[in-house]
Amino acid sequence: MTQLPPPSAKKLGLVIDLDTCVGCHACVISCKGWNTENYGAPLSDQNAYSGAASGTFLNRVHSYEVQPDEGTAQLIHFPKSCLHCEDAPCVTVCPTGASYKRSEDGIVLVNESDCIGCGLCAWACPYGARELDAAEGVMKKCTLCVDRIYNENLPEEDREPACVRTCPAGARHFGDLGDPGSAVSQLVEERGGFDLMPELGTKPVNKYLPPRPKDVEPDINVLAPYLEPVAQDGAGLIHWLDKALSALPGGSK
Amino acid sequence: MHPAPSVILFNTFSGLGFGLLFWLGFDATPPTGWIAFAFFALAYIMAVGGLLASLFHLGHPERFLKAFSQWKTSWLSREGICAVAALTLMALYGAGLVFFDTNIAPLGWIGGLLSLGVIFTTSMIYAQMNTVPRWKHWSTPALFLLLALGGGALFAAKITFATVLLILAGLAALVHWFVGDRRMAASGTTLATATGLGHIGSVTAFEPPHTGTNYLLKEFAFEVGRKHAQALRLISMLLGFVVPVLALLYLPGHFGAGVAVLCHIAGVLALRWLFFAQAEHVVALYYGKR
Ligand code: SF4
Ligand code: SF4
Ligand code: SF4
(Lines give C-alpha, C1' and ligand atoms only; values in the text may rest on other atoms or scores of the structure.)
(Ligands and ions follow the chains in the order given, each with its own letter.)
Protein backbone atom coordinates (compact mmCIF):
# COMPACT_ATOMS: atom_id res chain seq x y z
CA MET A 1 0.00 0.00 0.00
CA THR A 2 1.50 3.31 -0.96
CA GLN A 3 -0.18 5.28 1.77
CA LEU A 4 2.53 6.10 4.30
CA PRO A 5 2.14 4.40 7.65
CA PRO A 6 1.96 6.59 10.77
CA PRO A 7 5.52 7.46 11.85
CA SER A 8 7.06 4.41 13.48
CA ALA A 9 8.76 4.62 16.87
CA LYS A 10 11.68 2.69 15.46
CA LYS A 11 13.48 4.45 12.61
CA LEU A 12 16.36 2.40 11.34
CA GLY A 13 18.89 4.29 9.30
CA LEU A 14 22.47 5.32 8.68
CA VAL A 15 24.62 8.10 10.01
CA ILE A 16 27.42 9.00 7.61
CA ASP A 17 30.46 10.85 8.85
CA LEU A 18 31.74 13.21 6.17
CA ASP A 19 34.74 13.98 8.36
CA THR A 20 35.96 10.40 8.33
CA CYS A 21 35.01 9.09 4.90
CA VAL A 22 38.11 8.67 2.77
CA GLY A 23 36.25 8.06 -0.47
CA CYS A 24 37.52 4.52 -0.97
CA HIS A 25 34.23 3.25 -2.48
CA ALA A 26 34.49 0.00 -0.51
CA CYS A 27 30.91 0.50 0.68
CA VAL A 28 29.78 0.81 -2.95
CA ILE A 29 31.34 -2.51 -3.86
CA SER A 30 30.18 -4.43 -0.80
CA CYS A 31 26.66 -3.08 -1.35
CA LYS A 32 26.67 -4.19 -4.97
CA GLY A 33 28.08 -7.57 -3.97
CA TRP A 34 25.57 -8.32 -1.24
CA ASN A 35 22.57 -7.05 -3.16
CA THR A 36 23.49 -8.89 -6.33
CA GLU A 37 23.96 -12.22 -4.58
CA ASN A 38 21.03 -12.02 -2.19
CA TYR A 39 17.48 -10.60 -1.98
CA GLY A 40 15.73 -9.51 -5.17
CA ALA A 41 16.75 -9.00 -8.78
CA PRO A 42 20.55 -8.78 -9.19
CA LEU A 43 22.11 -5.37 -9.86
CA SER A 44 22.97 -5.66 -13.53
CA ASP A 45 25.79 -4.08 -15.52
CA GLN A 46 25.63 -3.04 -19.15
CA ASN A 47 28.73 -3.19 -21.37
CA ALA A 48 30.79 -3.85 -18.26
CA TYR A 49 34.00 -4.36 -20.25
CA SER A 50 33.70 -1.56 -22.77
CA GLY A 51 34.28 2.15 -22.63
CA ALA A 52 30.54 2.72 -22.20
CA ALA A 53 30.05 0.74 -18.99
CA SER A 54 27.07 1.49 -16.80
CA GLY A 55 25.17 -0.39 -14.15
CA THR A 56 22.81 -0.31 -11.21
CA PHE A 57 24.18 0.73 -7.83
CA LEU A 58 22.32 1.43 -4.60
CA ASN A 59 25.09 3.46 -3.04
CA ARG A 60 27.37 5.92 -4.77
CA VAL A 61 30.19 8.12 -3.50
CA HIS A 62 30.46 11.65 -4.87
CA SER A 63 33.37 14.00 -4.15
CA TYR A 64 32.92 17.72 -3.65
CA GLU A 65 35.34 20.59 -3.36
CA VAL A 66 34.38 23.22 -0.83
CA GLN A 67 36.16 26.55 -0.90
CA PRO A 68 35.82 28.56 2.32
CA ASP A 69 36.02 32.36 2.23
CA GLU A 70 39.52 32.12 3.64
CA GLY A 71 42.06 29.36 3.57
CA THR A 72 42.48 26.34 1.37
CA ALA A 73 39.79 24.28 -0.32
CA GLN A 74 38.54 21.07 1.28
CA LEU A 75 37.79 17.85 -0.55
CA ILE A 76 34.80 16.02 0.89
CA HIS A 77 33.77 12.51 -0.10
CA PHE A 78 30.06 12.07 -0.02
CA PRO A 79 28.43 8.61 0.02
CA LYS A 80 24.75 8.67 -0.90
CA SER A 81 22.06 6.00 -0.75
CA CYS A 82 18.38 5.90 0.20
CA LEU A 83 17.73 8.03 3.28
CA HIS A 84 14.55 6.09 4.22
CA CYS A 85 12.61 9.35 4.45
CA GLU A 86 9.71 9.64 6.86
CA ASP A 87 7.64 11.57 4.33
CA ALA A 88 8.83 9.51 1.41
CA PRO A 89 7.48 11.01 -1.82
CA CYS A 90 8.70 7.94 -3.71
CA VAL A 91 6.14 5.81 -1.88
CA THR A 92 3.01 7.87 -2.40
CA VAL A 93 3.50 8.33 -6.17
CA CYS A 94 3.72 4.59 -6.84
CA PRO A 95 0.61 3.42 -8.73
CA THR A 96 0.94 -0.27 -7.90
CA GLY A 97 1.71 -0.38 -4.19
CA ALA A 98 5.10 -1.92 -4.99
CA SER A 99 6.89 0.91 -3.21
CA TYR A 100 6.20 0.95 0.53
CA LYS A 101 7.47 2.03 3.90
CA ARG A 102 7.48 -0.55 6.66
CA SER A 103 5.40 0.42 9.66
CA GLU A 104 7.59 -1.51 12.09
CA ASP A 105 11.00 0.04 11.42
CA GLY A 106 10.54 2.67 8.72
CA ILE A 107 12.59 0.92 6.03
CA VAL A 108 11.48 1.89 2.50
CA LEU A 109 11.33 -1.10 0.16
CA VAL A 110 10.15 -2.15 -3.30
CA ASN A 111 8.14 -5.30 -3.81
CA GLU A 112 9.73 -6.23 -7.12
CA SER A 113 7.01 -8.61 -8.26
CA ASP A 114 4.45 -5.77 -8.17
CA CYS A 115 6.66 -3.12 -9.81
CA ILE A 116 5.72 -2.15 -13.37
CA GLY A 117 8.92 -0.17 -13.85
CA CYS A 118 7.20 3.15 -14.52
CA GLY A 119 10.06 5.06 -12.92
CA LEU A 120 7.83 7.59 -11.16
CA CYS A 121 9.28 6.85 -7.74
CA ALA A 122 12.74 7.70 -9.06
CA TRP A 123 11.34 10.98 -10.41
CA ALA A 124 9.93 11.76 -6.99
CA CYS A 125 13.14 11.03 -5.06
CA PRO A 126 15.28 14.18 -4.74
CA TYR A 127 18.39 12.21 -3.82
CA GLY A 128 18.86 9.88 -6.78
CA ALA A 129 18.47 6.91 -4.49
CA ARG A 130 16.47 4.78 -6.92
CA GLU A 131 17.66 3.27 -10.16
CA LEU A 132 15.59 1.30 -12.63
CA ASP A 133 17.52 -1.85 -13.46
CA ALA A 134 18.06 -1.97 -17.22
CA ALA A 135 18.07 -5.76 -17.36
CA GLU A 136 15.18 -6.54 -14.99
CA GLY A 137 12.93 -3.54 -15.66
CA VAL A 138 12.20 -3.11 -11.95
CA MET A 139 13.11 -0.38 -9.50
CA LYS A 140 16.11 -1.02 -7.26
CA LYS A 141 16.98 0.82 -4.09
CA CYS A 142 18.83 0.42 -0.79
CA THR A 143 17.04 -2.08 1.47
CA LEU A 144 19.14 -1.14 4.49
CA CYS A 145 20.22 -4.78 4.09
CA VAL A 146 16.95 -5.92 5.58
CA ASP A 147 18.13 -9.47 4.79
CA ARG A 148 21.20 -9.03 7.01
CA ILE A 149 20.11 -6.95 9.95
CA TYR A 150 17.46 -9.45 11.11
CA ASN A 151 19.24 -12.54 9.77
CA GLU A 152 19.85 -15.00 12.56
CA ASN A 153 21.92 -17.22 10.31
CA LEU A 154 24.63 -14.58 10.32
CA PRO A 155 27.06 -14.08 13.19
CA GLU A 156 25.96 -11.21 15.43
CA GLU A 157 28.63 -8.81 14.18
CA ASP A 158 27.48 -9.22 10.59
CA ARG A 159 23.89 -8.18 11.34
CA GLU A 160 24.34 -4.69 10.02
CA PRO A 161 24.23 -3.28 6.48
CA ALA A 162 27.04 -4.49 4.22
CA CYS A 163 28.34 -0.94 3.70
CA VAL A 164 28.64 -0.33 7.44
CA ARG A 165 30.30 -3.68 8.00
CA THR A 166 32.88 -3.02 5.31
CA CYS A 167 33.79 0.63 5.81
CA PRO A 168 37.49 0.67 6.73
CA ALA A 169 37.30 4.19 8.13
CA GLY A 170 34.37 3.74 10.48
CA ALA A 171 32.54 6.48 8.64
CA ARG A 172 29.19 4.67 8.52
CA HIS A 173 26.99 3.99 11.52
CA PHE A 174 23.75 1.99 11.66
CA GLY A 175 21.08 2.15 14.31
CA ASP A 176 17.69 3.34 15.50
CA LEU A 177 17.35 7.06 14.94
CA GLY A 178 13.91 7.01 16.53
CA ASP A 179 15.47 6.26 19.91
CA PRO A 180 17.10 9.42 21.30
CA GLY A 181 19.30 7.27 23.55
CA SER A 182 20.79 5.13 20.78
CA ALA A 183 24.45 5.47 19.87
CA VAL A 184 23.59 6.88 16.45
CA SER A 185 21.18 9.47 17.87
CA GLN A 186 23.85 10.52 20.37
CA LEU A 187 26.37 10.88 17.59
CA VAL A 188 23.98 13.06 15.58
CA GLU A 189 23.35 15.15 18.69
CA GLU A 190 27.04 15.61 19.49
CA ARG A 191 28.26 16.31 16.00
CA GLY A 192 25.35 18.36 14.68
CA GLY A 193 24.08 15.79 12.15
CA PHE A 194 22.00 17.29 9.36
CA ASP A 195 19.44 16.45 6.65
CA LEU A 196 20.00 16.70 2.90
CA MET A 197 17.67 19.17 1.11
CA PRO A 198 15.57 19.79 4.23
CA GLU A 199 13.54 22.35 2.24
CA LEU A 200 11.87 19.54 0.30
CA GLY A 201 10.14 18.24 3.43
CA THR A 202 11.05 14.58 2.95
CA LYS A 203 12.30 14.26 6.55
CA PRO A 204 15.16 11.85 5.88
CA VAL A 205 15.97 9.36 8.61
CA ASN A 206 19.62 9.06 7.54
CA LYS A 207 21.80 11.87 8.83
CA TYR A 208 25.12 13.31 7.73
CA LEU A 209 27.82 14.49 10.13
CA PRO A 210 29.64 17.62 8.95
CA PRO A 211 33.41 17.66 8.46
CA ARG A 212 35.09 18.94 11.62
CA PRO A 213 36.61 22.42 11.31
CA LYS A 214 40.15 22.23 9.99
CA ASP A 215 42.94 23.04 12.42
CA VAL A 216 44.60 26.38 11.77
CA GLU A 217 48.32 25.80 11.38
CA PRO A 218 50.25 27.79 14.00
CA ASP A 219 53.01 30.01 12.65
CA ILE A 220 56.10 27.99 13.52
CA ASN A 221 59.54 29.12 12.43
CA VAL A 222 62.40 27.58 14.32
CA LEU A 223 65.00 30.11 13.25
CA ALA A 224 63.00 33.25 13.83
CA PRO A 225 63.82 33.59 17.53
CA TYR A 226 67.54 33.82 16.73
CA LEU A 227 66.99 36.78 14.50
CA GLU A 228 65.26 38.84 17.17
CA PRO A 229 67.34 41.86 18.26
CA VAL A 230 69.20 40.80 21.35
CA ALA A 231 70.03 42.67 24.55
CA GLN A 232 67.75 45.62 24.10
CA ASP A 233 68.31 46.61 27.71
CA GLY A 234 71.60 48.22 26.80
CA ALA A 235 74.04 46.47 29.10
CA GLY A 236 76.82 43.92 29.06
CA LEU A 237 79.13 42.39 26.47
CA ILE A 238 76.45 41.45 23.98
CA HIS A 239 75.19 45.01 23.95
CA TRP A 240 78.66 46.33 23.29
CA LEU A 241 79.12 43.82 20.48
CA ASP A 242 75.79 44.80 18.98
CA LYS A 243 76.70 48.44 19.01
CA ALA A 244 80.14 47.82 17.61
CA LEU A 245 78.86 45.68 14.77
CA SER A 246 76.06 48.12 13.96
CA ALA A 247 78.60 50.89 13.70
CA LEU A 248 80.44 49.11 10.89
CA PRO A 249 79.55 50.08 7.33
CA GLY A 250 76.43 48.09 6.30
CA GLY A 251 75.59 47.21 9.86
CA SER A 252 71.98 47.53 10.96
CA LYS A 253 71.09 50.33 13.32
CA MET B 1 14.35 15.35 -17.77
CA HIS B 2 14.85 12.88 -20.59
CA PRO B 3 12.27 13.52 -23.32
CA ALA B 4 11.28 9.91 -24.03
CA PRO B 5 9.54 9.72 -27.44
CA SER B 6 6.86 7.36 -26.09
CA VAL B 7 5.89 9.81 -23.35
CA ILE B 8 5.86 12.77 -25.76
CA LEU B 9 3.61 10.88 -28.17
CA PHE B 10 1.37 9.85 -25.29
CA ASN B 11 1.01 13.39 -23.96
CA THR B 12 0.39 14.88 -27.38
CA PHE B 13 -2.10 12.42 -28.77
CA SER B 14 -3.91 11.44 -25.59
CA GLY B 15 -4.37 15.13 -24.92
CA LEU B 16 -5.92 15.61 -28.36
CA GLY B 17 -7.96 12.40 -28.19
CA PHE B 18 -9.49 13.04 -24.77
CA GLY B 19 -9.98 16.70 -25.71
CA LEU B 20 -11.98 15.59 -28.75
CA LEU B 21 -13.99 13.15 -26.60
CA PHE B 22 -14.83 16.03 -24.26
CA TRP B 23 -16.30 18.07 -27.12
CA LEU B 24 -18.18 15.07 -28.51
CA GLY B 25 -19.66 14.44 -25.06
CA PHE B 26 -20.85 18.01 -24.65
CA ASP B 27 -22.14 18.48 -28.19
CA ALA B 28 -25.80 19.61 -28.12
CA THR B 29 -26.27 18.38 -31.67
CA PRO B 30 -23.76 15.55 -31.95
CA PRO B 31 -23.10 13.81 -35.26
CA THR B 32 -24.75 10.45 -35.83
CA GLY B 33 -24.19 7.42 -38.03
CA TRP B 34 -21.06 7.25 -40.15
CA ILE B 35 -19.96 10.79 -39.35
CA ALA B 36 -20.15 10.02 -35.63
CA PHE B 37 -18.20 6.83 -36.31
CA ALA B 38 -15.42 8.80 -37.97
CA PHE B 39 -15.20 11.28 -35.09
CA PHE B 40 -15.19 8.61 -32.39
CA ALA B 41 -12.71 6.43 -34.27
CA LEU B 42 -10.33 9.37 -34.56
CA ALA B 43 -10.69 10.20 -30.86
CA TYR B 44 -10.11 6.60 -29.80
CA ILE B 45 -7.14 6.10 -32.10
CA MET B 46 -5.46 9.16 -30.57
CA ALA B 47 -6.44 8.52 -26.94
CA VAL B 48 -5.82 4.77 -26.89
CA GLY B 49 -2.80 5.04 -29.17
CA GLY B 50 -1.28 7.53 -26.75
CA LEU B 51 -1.98 5.26 -23.80
CA LEU B 52 -0.40 2.30 -25.59
CA ALA B 53 2.68 4.38 -26.40
CA SER B 54 3.08 5.13 -22.71
CA LEU B 55 2.71 1.44 -21.86
CA PHE B 56 5.85 0.79 -23.89
CA HIS B 57 7.66 3.10 -21.53
CA LEU B 58 7.18 0.63 -18.66
CA GLY B 59 9.71 -1.96 -17.53
CA HIS B 60 6.90 -4.50 -17.02
CA PRO B 61 3.88 -3.53 -19.16
CA GLU B 62 2.27 -6.94 -18.56
CA ARG B 63 1.64 -6.00 -14.92
CA PHE B 64 -0.30 -2.82 -15.80
CA LEU B 65 -3.48 -3.97 -14.04
CA LYS B 66 -1.74 -3.47 -10.70
CA ALA B 67 -1.48 0.24 -11.52
CA PHE B 68 -5.17 0.78 -10.83
CA SER B 69 -4.86 -0.08 -7.16
CA GLN B 70 -3.30 2.97 -5.48
CA TRP B 71 -5.75 5.73 -6.37
CA LYS B 72 -5.71 7.02 -2.81
CA THR B 73 -2.24 8.51 -3.19
CA SER B 74 -1.00 8.07 -6.76
CA TRP B 75 -1.90 10.40 -9.62
CA LEU B 76 -0.75 7.78 -12.11
CA SER B 77 -3.23 5.33 -10.64
CA ARG B 78 -6.00 7.95 -10.76
CA GLU B 79 -5.15 8.69 -14.36
CA GLY B 80 -5.51 5.01 -15.27
CA ILE B 81 -8.90 4.76 -13.58
CA CYS B 82 -10.15 7.98 -15.19
CA ALA B 83 -9.00 6.78 -18.59
CA VAL B 84 -10.76 3.43 -18.36
CA ALA B 85 -13.97 5.06 -17.04
CA ALA B 86 -13.94 7.77 -19.71
CA LEU B 87 -13.25 5.35 -22.55
CA THR B 88 -16.00 2.97 -21.39
CA LEU B 89 -18.70 5.60 -20.97
CA MET B 90 -17.80 7.38 -24.19
CA ALA B 91 -17.89 4.05 -26.05
CA LEU B 92 -21.48 3.51 -24.86
CA TYR B 93 -22.42 7.10 -25.71
CA GLY B 94 -20.75 6.77 -29.11
CA ALA B 95 -22.48 3.45 -29.80
CA GLY B 96 -25.82 5.17 -29.17
CA LEU B 97 -24.99 7.84 -31.74
CA VAL B 98 -23.41 5.60 -34.35
CA PHE B 99 -25.71 2.58 -34.31
CA PHE B 100 -29.03 3.75 -32.82
CA ASP B 101 -29.14 7.38 -33.79
CA THR B 102 -29.80 8.11 -30.11
CA ASN B 103 -28.18 10.86 -28.05
CA ILE B 104 -27.87 9.68 -24.43
CA ALA B 105 -26.77 13.15 -23.35
CA PRO B 106 -26.01 12.51 -19.62
CA LEU B 107 -23.64 9.70 -20.62
CA GLY B 108 -21.85 12.16 -22.87
CA TRP B 109 -21.58 14.74 -20.12
CA ILE B 110 -20.14 12.33 -17.57
CA GLY B 111 -17.83 10.80 -20.16
CA GLY B 112 -16.75 14.27 -21.26
CA LEU B 113 -15.94 15.32 -17.71
CA LEU B 114 -14.02 12.10 -17.12
CA SER B 115 -12.05 12.81 -20.31
CA LEU B 116 -11.03 16.15 -18.83
CA GLY B 117 -10.26 14.23 -15.64
CA VAL B 118 -7.73 12.16 -17.58
CA ILE B 119 -5.98 15.32 -18.76
CA PHE B 120 -5.99 16.79 -15.27
CA THR B 121 -4.67 13.64 -13.57
CA THR B 122 -1.94 13.35 -16.22
CA SER B 123 -0.88 16.92 -15.60
CA MET B 124 -0.82 16.34 -11.84
CA ILE B 125 1.69 13.51 -12.25
CA TYR B 126 4.09 16.24 -13.32
CA ALA B 127 2.76 19.11 -11.23
CA GLN B 128 3.14 17.13 -7.98
CA MET B 129 6.90 16.66 -8.40
CA ASN B 130 8.71 18.66 -5.75
CA THR B 131 11.89 17.49 -7.42
CA VAL B 132 11.15 19.35 -10.68
CA PRO B 133 10.43 22.95 -9.68
CA ARG B 134 9.53 23.96 -13.25
CA TRP B 135 6.58 21.56 -13.22
CA LYS B 136 5.39 22.13 -9.69
CA HIS B 137 3.17 25.07 -10.53
CA TRP B 138 -0.50 25.63 -11.40
CA SER B 139 0.50 26.57 -14.93
CA THR B 140 1.22 22.89 -15.64
CA PRO B 141 -2.40 21.67 -15.27
CA ALA B 142 -3.62 24.91 -16.87
CA LEU B 143 -1.43 24.31 -19.93
CA PHE B 144 -2.43 20.64 -20.25
CA LEU B 145 -6.16 21.37 -19.93
CA LEU B 146 -6.11 24.28 -22.38
CA LEU B 147 -4.06 22.30 -24.90
CA ALA B 148 -6.55 19.43 -24.76
CA LEU B 149 -9.60 21.70 -24.90
CA GLY B 150 -8.20 23.83 -27.74
CA GLY B 151 -6.84 20.90 -29.76
CA GLY B 152 -10.02 18.90 -29.11
CA ALA B 153 -12.20 21.77 -30.30
CA LEU B 154 -10.06 22.02 -33.41
CA PHE B 155 -10.61 18.33 -34.19
CA ALA B 156 -14.30 18.61 -33.31
CA ALA B 157 -14.61 21.48 -35.81
CA LYS B 158 -15.86 23.89 -33.14
CA ILE B 159 -14.16 26.78 -34.88
CA THR B 160 -15.07 29.61 -32.51
CA PHE B 161 -14.17 27.64 -29.38
CA ALA B 162 -10.99 26.39 -31.04
CA THR B 163 -9.88 29.92 -31.94
CA VAL B 164 -10.41 31.29 -28.44
CA LEU B 165 -9.01 28.23 -26.63
CA LEU B 166 -5.92 28.01 -28.83
CA ILE B 167 -5.14 31.64 -28.03
CA LEU B 168 -5.57 30.87 -24.33
CA ALA B 169 -3.41 27.74 -24.64
CA GLY B 170 -0.69 29.80 -26.31
CA LEU B 171 -0.83 32.29 -23.45
CA ALA B 172 -0.66 29.44 -20.94
CA ALA B 173 2.46 28.16 -22.70
CA LEU B 174 4.04 31.61 -22.44
CA VAL B 175 3.24 31.78 -18.71
CA HIS B 176 4.57 28.26 -18.18
CA TRP B 177 7.84 29.18 -19.90
CA PHE B 178 8.24 32.54 -18.22
CA VAL B 179 7.48 31.29 -14.71
CA GLY B 180 9.27 27.99 -15.35
CA ASP B 181 12.57 29.68 -16.15
CA ARG B 182 12.58 31.14 -12.62
CA ARG B 183 11.24 28.20 -10.65
CA MET B 184 14.57 26.46 -9.95
CA ALA B 185 16.13 29.59 -8.50
CA ALA B 186 12.97 30.32 -6.52
CA SER B 187 12.92 26.81 -5.03
CA GLY B 188 16.06 27.59 -3.04
CA THR B 189 17.52 24.13 -3.71
CA THR B 190 21.19 24.29 -4.63
CA LEU B 191 24.25 22.08 -4.39
CA ALA B 192 24.78 23.71 -0.99
CA THR B 193 21.46 22.45 0.42
CA ALA B 194 21.80 19.15 -1.44
CA THR B 195 25.11 18.40 0.28
CA GLY B 196 24.54 20.39 3.47
CA LEU B 197 28.08 21.71 3.06
CA GLY B 198 27.19 25.30 2.20
CA HIS B 199 28.09 26.53 5.69
CA ILE B 200 31.76 25.79 5.01
CA GLY B 201 32.06 27.59 1.70
CA SER B 202 31.11 27.36 -1.94
CA VAL B 203 30.54 23.78 -3.07
CA THR B 204 31.47 22.41 -6.48
CA ALA B 205 31.21 18.87 -7.80
CA PHE B 206 34.80 17.65 -7.92
CA GLU B 207 34.54 14.04 -9.05
CA PRO B 208 31.43 12.07 -10.01
CA PRO B 209 30.84 8.68 -8.36
CA HIS B 210 31.26 6.76 -11.61
CA THR B 211 33.22 7.11 -14.82
CA GLY B 212 30.40 6.09 -17.18
CA THR B 213 26.83 7.20 -17.32
CA ASN B 214 23.94 5.76 -15.30
CA TYR B 215 20.14 5.69 -15.05
CA LEU B 216 20.05 8.94 -13.10
CA LEU B 217 22.09 10.88 -15.62
CA LYS B 218 20.17 9.50 -18.59
CA GLU B 219 16.78 10.11 -17.02
CA PHE B 220 17.27 13.34 -15.09
CA ALA B 221 20.28 15.24 -16.37
CA PHE B 222 19.21 15.71 -19.98
CA GLU B 223 21.11 18.74 -21.27
CA VAL B 224 21.33 17.93 -24.96
CA GLY B 225 19.54 20.37 -27.22
CA ARG B 226 18.70 22.87 -24.52
CA LYS B 227 20.69 25.42 -26.46
CA HIS B 228 18.03 25.28 -29.17
CA ALA B 229 15.31 25.89 -26.62
CA GLN B 230 14.51 29.45 -27.63
CA ALA B 231 14.26 28.54 -31.32
CA LEU B 232 12.02 25.59 -30.49
CA ARG B 233 9.83 27.78 -28.33
CA LEU B 234 9.35 30.12 -31.25
CA ILE B 235 8.58 27.22 -33.59
CA SER B 236 6.09 25.65 -31.21
CA MET B 237 4.41 29.00 -30.57
CA LEU B 238 4.07 29.72 -34.29
CA LEU B 239 3.05 26.23 -35.41
CA GLY B 240 1.04 25.31 -32.35
CA PHE B 241 -1.04 28.45 -31.95
CA VAL B 242 -0.37 31.42 -34.23
CA VAL B 243 -0.65 29.65 -37.61
CA PRO B 244 -3.69 27.52 -36.61
CA VAL B 245 -5.57 30.58 -35.33
CA LEU B 246 -4.76 32.57 -38.48
CA ALA B 247 -5.71 29.60 -40.66
CA LEU B 248 -9.05 29.25 -38.89
CA LEU B 249 -9.74 32.94 -39.26
CA TYR B 250 -8.56 33.61 -42.80
CA LEU B 251 -8.34 30.38 -44.81
CA PRO B 252 -11.47 28.87 -46.31
CA GLY B 253 -13.34 26.00 -44.55
CA HIS B 254 -11.82 22.53 -44.75
CA PHE B 255 -8.52 23.73 -46.15
CA GLY B 256 -8.06 26.14 -43.25
CA ALA B 257 -9.00 23.46 -40.73
CA GLY B 258 -6.58 20.98 -42.31
CA VAL B 259 -3.69 23.44 -42.14
CA ALA B 260 -4.62 24.32 -38.56
CA VAL B 261 -4.73 20.67 -37.43
CA LEU B 262 -1.42 19.68 -39.01
CA CYS B 263 0.45 22.74 -37.77
CA HIS B 264 -1.06 22.40 -34.32
CA ILE B 265 0.11 18.77 -33.97
CA ALA B 266 3.64 19.68 -35.05
CA GLY B 267 3.74 22.66 -32.70
CA VAL B 268 2.43 20.67 -29.75
CA LEU B 269 4.97 17.89 -30.33
CA ALA B 270 7.73 20.51 -30.07
CA LEU B 271 6.11 22.01 -26.99
CA ARG B 272 5.80 18.62 -25.27
CA TRP B 273 9.44 17.88 -26.08
CA LEU B 274 10.48 21.16 -24.47
CA PHE B 275 8.30 20.41 -21.46
CA PHE B 276 10.64 17.52 -20.65
CA ALA B 277 13.93 18.66 -22.11
CA GLN B 278 13.87 21.95 -20.22
CA ALA B 279 12.73 20.51 -16.89
CA GLU B 280 15.57 20.42 -14.36
CA HIS B 281 15.48 17.68 -11.73
CA VAL B 282 17.20 18.52 -8.44
CA VAL B 283 19.17 15.26 -8.48
CA ALA B 284 21.26 16.68 -11.35
CA LEU B 285 22.72 19.11 -8.79
CA TYR B 286 24.59 16.26 -7.14
CA TYR B 287 26.42 15.81 -10.44
CA GLY B 288 27.10 19.52 -10.88
CA LYS B 289 24.64 19.56 -13.77
CA ARG B 290 21.21 21.04 -14.40
S1 SF4 C 1 15.85 8.83 -0.25
FE2 SF4 C 1 14.56 8.79 -2.06
S3 SF4 C 1 14.07 6.63 -2.32
FE4 SF4 C 1 14.78 6.85 -0.23
S5 SF4 C 1 12.92 7.20 0.99
FE6 SF4 C 1 13.76 9.22 0.47
S7 SF4 C 1 12.67 9.80 -1.38
FE8 SF4 C 1 12.39 7.58 -1.15
S1 SF4 D 1 8.86 1.96 -10.76
FE2 SF4 D 1 7.86 0.33 -9.57
S3 SF4 D 1 8.14 0.96 -7.42
FE4 SF4 D 1 8.53 2.78 -8.70
S5 SF4 D 1 6.59 3.87 -8.84
FE6 SF4 D 1 6.67 2.51 -10.63
S7 SF4 D 1 5.66 0.63 -9.97
FE8 SF4 D 1 6.14 1.77 -8.10
S1 SF4 E 1 33.63 2.56 2.76
FE2 SF4 E 1 33.59 4.18 4.30
S3 SF4 E 1 35.38 5.45 3.86
FE4 SF4 E 1 35.03 4.17 2.04
S5 SF4 E 1 33.75 5.47 0.72
FE6 SF4 E 1 32.34 4.22 1.93
S7 SF4 E 1 31.84 5.49 3.71
FE8 SF4 E 1 33.66 6.38 2.76
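Reminder, nothing fancy here: chain letters follow the sequence lines and each chain counts from 1.
With values rounded to the nearest 0.5 angstrom, A/E65 atom CD is found 12.0 Å from B/E207 atom CD. Within the model, atoms SG of A/C115 and CZ of B/R63 stand 7.0 Å from one another, a figure rounded to the nearest 0.5 Å.
Counting only heavy atoms from C-beta outward, the side chains of B/I200 and A/I76 approach each other to under 4.5 Å.
Contact of B/E62 with chain A is not made at all, since no heavy-atom distance falls under 4.5 Å. A/E136 touches chain B through its backbone: at least one of N, CA, C or O sits under 4.5 Å from a heavy atom, while the side chain does not. Proximity to chain B (any heavy atom under 4.5 Å) is restricted, for A/C94, to the backbone atoms N, CA, C and O. Contact of A/P126 with chain B is made through backbone and side chain together, with heavy-atom distances under 4.5 Å. Neither the backbone nor the side chain of B/E79 comes within less than 4.5 Å of any heavy atom in chain A.
When atom types are taken as modelled, the side chain of B/T131 and the backbone of A/W123 share a donor-acceptor pair closer than 3.5 angstrom. A side-chain donor-acceptor contact under 3.5 Å links A/H62 to the backbone of B/Y286.
Between A/Q3 and B/K72 the shortest heavy-atom distance is OE1-CD, 3.4 Å. Here the shortest heavy-atom pairing between A/Y64 and B/V203 reads CB-CG1, 3.9 Å.
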Check the pair B/I125 / A/V93 against side chain to side chain contact (heavy atoms under 4.5 Å, CB included), numbers first and verdict last.
CA-CA 8 Å; B/I125 293 174; A/V93 297; over 6 Å; no
Where do A/Q67 and B/T204 land on the side chain to side chain contact (heavy atoms under 4.5 Å, CB included) test, with the steps shown first?
CA-CA 8 Å; A/Q67 176 64 59; B/T204 41; over 6 Å; no
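When only modelled atom types and interatomic distance are considered, B/T193 and A/E199 share a side-chain donor-acceptor pair under 3.5 Å.
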